[in-house]
Structures are given as C-alpha cells and as structure tokens.
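Quantities reported herein were computed from a predicted structural model and do not represent experimental measurements. All chains are named by letter (A, B, ...) in the order of the sequence lines, taking the proteins before the strands, and each is independently numbered beginning at 1.
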There are 2 protein chains.
Amino acid sequence: MDQVQPSSELERQRFAAVGRALADPKRLCVLECLARGEQSVGDLSAQVGCQVPNMSQHLAVLRSAGLVTSRREGTTIYYRLADPRVLEAYQLIQTFAR
Amino acid sequence: MDQVQPSSELERQRFAAVGRALADPKRLCVLECLARGEQSVGDLSAQVGCQVPNMSQHLAVLRSAGLVTSRREGTTIYYRLADPRVLEAYQLIQTFAR
DNA sequence: CACCTTGTTGCGCAACTGCGCAAGTGTTGA
DNA sequence: TCAACACTTGCGCAGTTGCGCAACAAGGTG
C-alpha cells in the first residue's frame, strides 16, 4: 500500500497541472465554495471577491485540470467538483501544510 | 467527516504554496525519488536529469513549502520527505488526475 | 594553508501567470 | 429582431518562475 510506482514524464505533467490548479488562493477558495454545492460563475466571483472574467479564467484552469465540471441551465452555468477525491486531497494538504 | 471548514486568506496562501510545490514535473519526480528513501542533492539531480544548481532551487521550493527536510553529513546534504502524508496526497492526486 | 567536493546563491533571460478591461458568444424573453 | 443577461475570450501589462551559468560558502583532506 506504500508502494510508489514511478510515473512517466507525460503523467507527471498531468499531475503537475493539478498542482498548478491548487497553486492559487482564489482557486482554493473556489474549491471550498463548491464543497458546499454547485454554484454559478457570478455567485463564485462574489464570494471569492473578484471580477467575473477573472473568475471565468480561474474556472478554466480548474476545469482543464479536471477538478471541476460545469452544467448549463439557460444563460447560467453551474460549476461543481468533478470528484470527491479533489476535496479529499485538498483537506489532506491542509493537515500537513505548516 | 465531509465537513469543509472555510480557511482564512492567510491559510489559503500556505496551502497554495504546497500547490505550487506540486506544480512542476521535476519536483514531483523528486518526491517519487524520495519515496524510495533519503537522497543527496547530487543523486537527485542525476535521477531527475537536471543540473545541481537547478535541483537546489527546486529543493528550496519543496523545503519552503514544508514538503521535505534536509540533514547534513559532511559535505553531503540528504533530503527526505517531511511527512508521509505528502506522498499520500500525491498518490491521491494521481488517482483522479485525468 | 591550498585544494577538492558538495550545495547554495546571484544574475539575466525567455516563458508563463494573474489581472483589468474591452469585445465577443450564446441563451432568453419582449 | 432587438435588448438584456451570464459568461467567455482576447489583449496588454506587471510580476513571477524555471533555467543555465558563474560566483560563492561550507566541510573534508593532505
């Protein structure tokens, strides 16, 4: 269970993309917001405290790393966590980040 | 257990520092190497395939994020993972990184 | 002491990031 | 068809990052 299998360079690039997605306080704030459930872009930008275009860009980073997915309903787009393990990983990081 | 408590801006900056440390393929490679045990800077730079100064800078990023610690023995400095949860988090990320 | 080995630090540069702002896309309703 | 709303995309700029290279620091050895 503690076995660590080496990754290929290509795999590590995908993992690093997840790291980059987690590398910004505002994006982490988005994850915390989405932990409470689905949210629209406007809602998220208000809670995080940034402009809508900026939030859209942050969401694009999270989406391309596969951490969130979106769903359209009329003109509104709702984002949610793509996988519960995303939150698990974030919470695990919180336990040892000094 | 699925409760998500909001973090302060300052806390999120520390968590984001961990994210940044995980945001580079070479640094992830270092973590994989260190999963097999303590390693010197020279050993790591050889395995990762970069120059020693470059490795030293990557290790500084990992160290300032609290992911690794070092120990000096003569002129050689050995690095190791600071906490087993670091590896746990990395492995967890690997499970959902698409 | 001089000299070697092992790491770290400083510097300059190309590449990337986060941001604000303006413009564009797409969906709804009058 | 036109206007309004919700979001995305393009662009430019300041700040950051990763890298190679040279210089420096620290320990060990003769």
To the nearest angstrom, the CD-C1' distance between A:Gln51 and D:dG10 comes to 16 Å

Just checking, any donor-acceptor pair under 3.5 angstrom between side chains of A:Gln51 and A:Ser45?
no

For B:Thr76, side chain to side chain contact (heavy atoms under 4.5 Å, CB included) partners two or more places apart:
B:Ser40, B:Tyr78

Do any side-chain nitrogens or oxygens of A:His58 fall under 4.0 Å of OP1 or OP2 in C:dC19?
yes

Using residues 62-70 of chain B as the side-chain source, report each donor-acceptor pair under 3.5 Å to any protein atom, sequence neighbours left out, with the distance given to one decimal.
residue, atom, partner, partner atom, Å
B:Arg63, NE, B:Tyr79, OH, 3.4
B:Arg63, NH2, B:Tyr79, OH, 3.3
B:Ser64, OG, B:Val61, O, 3.3
B:Thr69, OG1, B:Arg80, NH1, 3.4

Gap between atoms CD and P, on A:Glu73 and D:dA6 respectively (whole Å)
13 Å

Expected output: side-chain A:Arg72 to main-chain A:Gly74 donor-acceptor under 3.5 Å:
yes

Check the pair A:Asp43 / A:Gln47 against side-chain contact (heavy atoms from CB on, under 4.5 Å), numbers first and verdict last.
CA-CA 6 Å; A:Asp43 290 345; A:Gln47 293 177 61; 4.1 Å; yes

Taking CG from B:Asp24 and P from D:dT16, how many angstroms apart are they, rounded to a whole number?
18 Å

Protein proximity profile, nucleotides 1-13 of chain C - base contact B, sugar-phosphate-only contact S, no contact -, cut-off 4.0 Å on heavy atoms
----BSSBBBB--

Taking CD from A:Gln39 and C1' from D:dA6, how many angstroms apart are they, rounded to a whole number?
15 Å

What I want to find out is whether B:Asp24 reaches B:Lys26 closely enough, with some N-O distance under 4.0 Å, to be called a salt bridge.
no

